[in-house]
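Note sheet for the following structure.
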Amino acid sequence: MDEYQTEEETAFVVEEVTKIIKESVEAAIGGNAYQHNRVNHWTTSVVEQCLSQLSKLGKPFKYIVTCIIMQKNGAGLQTASTCFWDNSTDGSCAVRWENKSMYCIVSVFGLAI
Amino acid sequence: MTGMEEYNTGSESSFNSEEADSIVKECIESVVGVDDYSQNLVNKWTAGIVERCLTQLVKQGKTYKYIVTCAVMQKTGAGLHTANSCYWDTAMDGSSTVRWENRTMYCVVSVFAVAVA
């Protein structure tokens with residue numbers, strides 16, 4: 001029983017992290033329309049908020065959070081990522097969010113210490 | 001958390017971002033080079049760039065875990081903004097980001113290197 005609990009406490013839980021990301025994005029850019037002079041502040045605030053919520057989880061992980069915000073004007077955007085890590089302990093998740101005027105893509109990578 | 005730890009030579013135990021920069025630039029040039037943005041090919045390009053970068057980085061033989069991300073965007077006047085934040089060991093871990101462009105597209109590649117204990 002103890003071993004099972006330990007595994008849950010030290011594994012990368014995708015649903016938990018996805019929830020954190022969605023909340024951070026909503027809180028930072030929620031009902032806003034794309035604005036060139038504010039987007040700098042938004043991306044910073046999304047990543048910082050995600051990171052502080054993730055570190056509060058208290059798991060033995062190093063985290064990398066990336067955020068991309070793109071104005072909707074018909075341009076094509078493609079992103080890819082690849083990782084060289086320990087498949088059994090490390091994990092990642094990506095959330096795509098949008099509103100009427102912009103797209104926001106947030107990725108979180110968790111690497112076990 | 002302190003303890004007896006081996007002290008590695010500086011160049012082996014910290015992330016060399018100039019070296020990573022030049023690896024990434026070479027990978028982008030060789031995969032995309034002078035091509036124009038093409039919706040059919042962009043999937044292959046992003047996958048090709050990240051895989052190639054990763055292979056070159058791993059060949060360096062350092063004890064790091066790597067994460068490579070790549071975003072390719074068509075040039076149409078849209079605004080694009082990216083940000084990264086990392087919770088790690090600032091002495092050993094590092095990252096580097098390369099912004100590249102040609103006539104029809106932008107390419108942003110980020111490499112994150114996390115030391116393995």
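Residue numbering restarts at 1 for every chain, and letters A, B, ... go by the order of the sequence lines.
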Here the gap from A/L54 atom CG to A/E16 atom CD, rounded to the nearest 0.5 Å, amounts to 8.5 Å

Bottom line for B/L54: the part with an atom under 4.5 Å from chain A's heavy atoms is side chain

Under 4.5 Å to a heavy atom of chain A? For B/V58 that would be side chain

Group every Ile, Leu, Val, Met, Phe, Trp and Tyr by side-chain heavy-atom contacts under 4.5 Å, then state whether B/I49 and B/F112 land in the same group. no

| query | Can A/V13 and A/L57 be said to form a side chain to side chain contact (heavy atoms under 4.5 Å, CB included), step by step? | reply | CA-CA 11 Å; A/V13 181; A/L57 293 174; over 6 Å; no

Inset, instruction - Would you kindly confirm whether A/V65 and A/V17 end up in one hydrophobic cluster when ILVMFWY residues are joined by side chain heavy atoms under 4.5 Å apart? - result: yes

Looking only at B/C70, B/C53, B/A47, the option with the highest number of non-hydrogen pairs under 4.5 Å against chain A is B/C70

To the nearest 0.5 Å, atom SG of A/C93 lies from atom NZ of A/K19 at 13.0 Å

Write out the donor-acceptor pairs between chain A and chain B under 3.5 angstrom, atom names and distance to 0.1.
unit_1	atom_1	unit_2	atom_2	d
A/T43	OG1	B/H81	ND1	3.2
A/K62	NZ	B/D93	OD1	3.4
A/K62	NZ	B/D93	OD2	2.8
A/Y63	N	B/Y87	O	2.9
A/Y63	O	B/Y87	N	2.8
A/V65	N	B/S85	O	2.8
A/V65	O	B/S85	N	2.8
A/C67	N	B/A83	O	2.8
A/C67	O	B/A83	N	2.8
A/I69	N	B/H81	O	2.7
A/I69	O	B/H81	N	2.8
A/Q71	N	B/G79	O	3.0
A/Q71	OE1	B/G79	N	2.8
A/N73	OD1	B/T76	OG1	2.9
A/N73	ND2	B/T76	O	3.3
A/G76	N	B/Q74	OE1	2.9
A/G76	O	B/Q74	N	3.0
A/Q78	N	B/V72	O	2.9
A/Q78	O	B/V72	N	2.7
A/Q78	NE2	B/N43	OD1	3.2
A/A80	N	B/C70	O	2.8
A/A80	O	B/C70	N	2.7
A/T82	N	B/V68	O	2.8
A/T82	O	B/V68	N	2.9
A/F84	N	B/Y66	O	2.7
A/F84	O	B/Y66	N	2.9
A/D90	OD1	B/K65	NZ	3.3
A/D90	OD2	B/K65	NZ	2.9
A/A112	O	B/K65	NZ	3.4

Report whether B/V109 and B/M105 are members of the same hydrophobic cluster (ILVMFWY, side-chain heavy atoms less than 4.5 Å apart, transitive linking). yes

For B/V116, the other hydrophobic cluster members (4.5 Å side-chain criterion, sorted by chain and number) are none

Bottom line for A/I69: the part with an atom under 4.5 Å from chain B's heavy atoms is both

In one Ile/Leu/Val/Met/Phe/Trp/Tyr side-chain cluster, 4.5 Å: A/I21, A/F12: yes

